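Only heavy atoms go into these numbers, but all of them, side chains included; no hydrogens, no water, no symmetry mates. No experiment lies behind these values; they were computed from the predicted model shown.
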Amino acid sequence: MSNPFGDSFLDLICLVLLFPLAGTIINGFLGKRLNKSIVGFVGCAAIGLSFVVAVFVLLDLLKLSPEHRVFEKDYFTWIGSGAFKAIAGLQVDPLSVVMILVVTGVGFLIHVYSIGYMHEDESFYRYFTYLNLFTFSMLLLVLANNFLLMFIGWEGVGLCSYLLIGFWFEKKSASAAGMKAFIVNRVGDFGFILAILLIFVTFGTIDFTEVFHAAPEHLQIGSSVAAIITLLLFVGAVGKSAQIPLYTWLPDAMEGPTPVSALIHAATMVTAGVYMVVRCNVLYTMSPFTMTVVAVIGGATALFAASIGLVQNDIKRVLAYSTVSQIGYMFLACGLGGYITGVFHLVTHAFFKALLFLGSGSVIHGLGGEQDMRKMGALKKFMPITYITFFIGTLAIAGIPPFAGFFSKDEILLEAYTKGNLFFWGLGALAALLTAFYMFRLLFMTFHGNSKMTQHVEEHVHESPMSILFPLIVLAVLSIVGGFLGFPTMSVINEFLAPVIGAGHHGSESHHVSSNLMFSMMGISTGIAIVGIVLAYIMYISKPELPGAIAKRFKGIYNIILNKYFVDEIYDATFVKPTLGVSNLLWKVVDVRIIDGFVNAVGRLTILKGEVLKLSQTGLVRNYALSIMLGGIIIIICSILFL
């Protein structure tokens, strides 16, 4: 297909942004007056058209030689003040193209799914307005050609997460969850702002291309400036991508509609931190200390969140902690220098995590809103298509070949092993074992075994409509074939992204190791996943009484994990309550008594002055004449005495 607007779709990259923005404006201003069918069509068409443009942008980029696959389009000078200059411009390269394809492709399926899932909601138009704005913000984040414009998109997804998590704001828990996400992300964003300031002070620019080209000249490997810049950037990534210690907002984000959870967890917000680290790979490579910090935080988060997922009973919360864990895997890969491996897992994770969240939404839809897995069971016969697609997603995230998650997760473990980091390999392997266990625990509790539904629920349980099932089927196919993008013998994504990442950091070093080692590691990782699956089968199908017995036998440990290691309670005691105490002190003492007291005192004094002065205002002319005469006499006497 030829481009009717010019020689290249690269020149029309702004359309990828403008379509979702147009959808936001149309539904935002006119949606309340439009039919729901039109609202849904506008919302979906906006993202679908962006995806089409993104595909043609990819094709145009592939026509160029690898070393020339960077295209920048400057539109106008956004900010100019002294030496500081920020251009409103977009950058297209292999990394940004991969991201916009994931955001618009998976995002389009989530939008289509939302038509059926949210059709009965009274605020249908508001939902699609927020969803389009969310997608626009994420696309701006990944297409920006400088740090400040990226930050605008960064803040945009933060705003939209607040709006969508608290979409049902009538529920106190939903509004509180939205506020929690907003506040926790502000902590990380403060680090990002400081990093941007330090980058400008160091390089005299905030443009990506200029900064990354100048980095080897301005920074020394291992220098303190490189460490501070990258650590501050990583603080922002930790907040946005929900890593230790700023992960607590993401599980509570389940208060929003399920499609929102899928969009946040699979295609947009939580992947932003990983994208930012990969985009800044030149800076991170110059700070080995920060790379170690990234790997430690990622590996620890992967294991920590996976352990919490073992005992959660809310189907969406299990998937939420799974996301925290899987994002940790991505950071582990980046910290080890496998930036492309991290992006590869980001792509496959988008497929199977969107599938799992939308599958859980199908279950919740079929059960009339029920989310507790202890009240499910035997859904396999009631919802066969949902079950098959969910089963595929579970196999993918568990790391069973040939599903997508196997290839990307195996690449991360191989990355750790080939670089001699057995500690990190152990963290990743143990997290993989726990992942396989808790995901098949979810599958068995939800779809297998005996029904634990009430009679009323069981009589009304039903398979979801095609508007919900179609995205599940497409994502299931992607979860099967997506892994072959990075398979060592056909590493399409590896070769495509290599020019952006830079020499020496081309993802996994699997192409440098022997075939025997590579297939041995594949066998080990598959064996680890199978062990987790077998344990889940024994405990939830073969001997369903076993989990209760273990929980009773290890009651203390079980309660700690069940209560998520009491991290929220610790944060509440350490940060929230002291902050509220200081705020109340400032309010009741400083504000009410001191500031308001001073202002009120001035007001009372003015009133008193007026009350006194009004006594002299009688309205009688003779009194005013007497006052004038007395005043004149006083002036004459004073003049005689003092002159």
Side-chain angles (χ1 to χ4, degrees), residues 116-117 171 173 251-252 254-255 257-258 261-262 306-323 353 355-395 397-398 434-465 468-469 472 532-555 557-559 561-564:
Y117 193 87
K171 293 169 53 181
S173 58
D252 289 357
M254 298 304 98
E255 291 290 341
T258 300
S261 302
S307 68
I308 298 177
L310 295 174
V311 296
Q312 295 299 304
N313 295 308
D314 185 304
I315 188 171
K316 288 176 65 177
R317 282 189 177 269
V318 175
L319 297 176
Y321 281 106
S322 170
T323 298
K353 185 52 62 70
L355 171 59
L356 291 169
F357 262 110
L358 297 185
S360 71
S362 180
V363 170
I364 295 168
H365 182 270
L367 270 63
E370 183 59 66
Q371 295 184 199
D372 193 332
M373 297 186 298
R374 294 170 296 183
K375 299 178 181 179
M376 299 180 187
L379 285 176
K380 176 182 176 181
K381 62 182 179 182
F382 296 100
M383 310 179 74
I385 299 178
T386 298
Y387 168 71
I388 293 172
T389 55
F390 200 95
F391 183 44
I392 291 171
T394 305
L395 289 170
I397 193 173
L434 298 183
T435 300
F437 176 83
Y438 69 67
M439 284 306 305
F440 271 85
R441 169 183 178 265
L442 185 157
L443 183 78
F444 293 146
M445 290 181 68
T446 304
F447 293 98
H448 291 263
N450 297 321
S451 173
K452 301 176 184 64
M453 297 176 283
T454 63
Q455 184 177 353
H456 174 75
V457 171
E458 190 165 331
E459 288 175 353
H460 292 84
V461 65
H462 58 279
E463 183 61 280
S464 298
I468 290 178
L469 294 179
L472 295 182
I533 295 171
V534 171
L535 287 174
Y537 179 83
I538 292 172
M539 295 180 65
Y540 292 94
I541 297 296
S542 180
K543 297 180 180 180
E545 72 282 356
L546 197 56
I550 294 175
K552 187 176 181 181
R553 175 69 177 82
F554 300 97
K555 186 176 180 180
I557 297 175
Y558 175 77
N559 285 332
I561 300 176
L562 182 64
N563 288 282
K564 302 160 288 186

Indicate yes or no: at least one non-hydrogen side-chain atom of [X] is less than 4.5 angstrom from one of [Y].
{"X": "D314", "Y": "M254", "result": "no"}
{"X": "R441", "Y": "M373", "result": "yes"}
{"X": "T394", "Y": "L442", "result": "no"}
{"X": "M445", "Y": "I315", "result": "no"}
{"X": "Y387", "Y": "P384", "result": "no"}

Sequence-distant partners of [X], side chain to side chain donor-acceptor pair (under 3.5 Å), two or more places apart:
{"X": "T323", "result": "H265, K353"}
{"X": "D372", "result": "R374"}
{"X": "Y537", "result": "none"}
{"X": "H365", "result": "none"}

Decide yes or no on side chain to side chain contact (heavy atoms under 4.5 Å, CB included) for L319 and M439, but give the supporting numbers first.
-> CA-CA 8 Å; L319 297 176; M439 284 306 305; 3.8 Å; yes
Heavy-atom pair of closest approach, residues [X] and [Y]:
{"X": "I541", "Y": "G449", "result": "CD1-N, 4.2 Å"}
{"X": "Q312", "Y": "V318", "result": "O-CG2, 3.5 Å"}
{"X": "A378", "Y": "S451", "result": "CB-N, 3.8 Å"}
{"X": "Q371", "Y": "I364", "result": "CG-CD1, 3.5 Å"}
{"X": "A306", "Y": "L434", "result": "CB-CB, 3.9 Å"}
{"X": "T258", "Y": "S360", "result": "CG2-OG, 4.0 Å"}

Counterpart residues, ring-ring contact (aromatic ring centres under 6.0 Å, His included), relative to [X] (two or more places apart):
{"X": "Y117", "value": "Y113"}
{"X": "F390", "value": "F447"}
{"X": "F440", "value": "F444"}

Nearest-0.5 Å distance, [atom1] of residue [X] to [atom2] of residue [Y]:
{"X": "T435", "Y": "I533", "atom1": "OG1", "atom2": "CD1", "result": "11.0 Å"}
{"X": "L562", "Y": "I557", "atom1": "CG", "atom2": "CD1", "result": "13.5 Å"}
{"X": "L472", "Y": "L356", "atom1": "CG", "atom2": "CG", "result": "10.0 Å"}
{"X": "L355", "Y": "I392", "atom1": "CG", "atom2": "CD1", "result": "7.5 Å"}
{"X": "I561", "Y": "L310", "atom1": "CD1", "atom2": "CG", "result": "6.5 Å"}
{"X": "L367", "Y": "H460", "atom1": "CG", "atom2": "NE2", "result": "12.0 Å"}

Salt bridge (Lys or Arg N to Asp or Glu O under 4.0 Å) partners for K171, two or more places apart = E255
Pairs meeting criterion salt bridge (charged side-chain N to carboxylate O under 4.0 Å, His left out) with involvement of residues 375-387, two or more places apart = none
Look at the side chain of T389 and the backbone N and O of T386, then say whether any donor-acceptor pair between them is shorter than 3.5 Å.
-> yes
Taking E463 for its side chain and I385 for its backbone only, find out whether a donor-acceptor pair lies under 3.5 Å.
-> yes
Selection residues 541-551 - residue pairs positive for side chain to side chain donor-acceptor pair (under 3.5 Å), sequence neighbours left out | none
In this structure, which one of E459, E458, M453 forms a side chain to side chain contact (heavy atoms under 4.5 Å, CB included) with Q455?
->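 For Q455, the side chain to side chain contact (heavy atoms under 4.5 Å, CB included) test succeeds with only one of E459, E458, M453, which is E459.
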Pairing residues for P547 by the side chain to side chain contact (heavy atoms under 4.5 Å, CB included) criterion, not counting sequence neighbours |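 For P547 the side chain to side chain contact (heavy atoms under 4.5 Å, CB included) partners, ignoring immediate neighbours, are M539, Y540.
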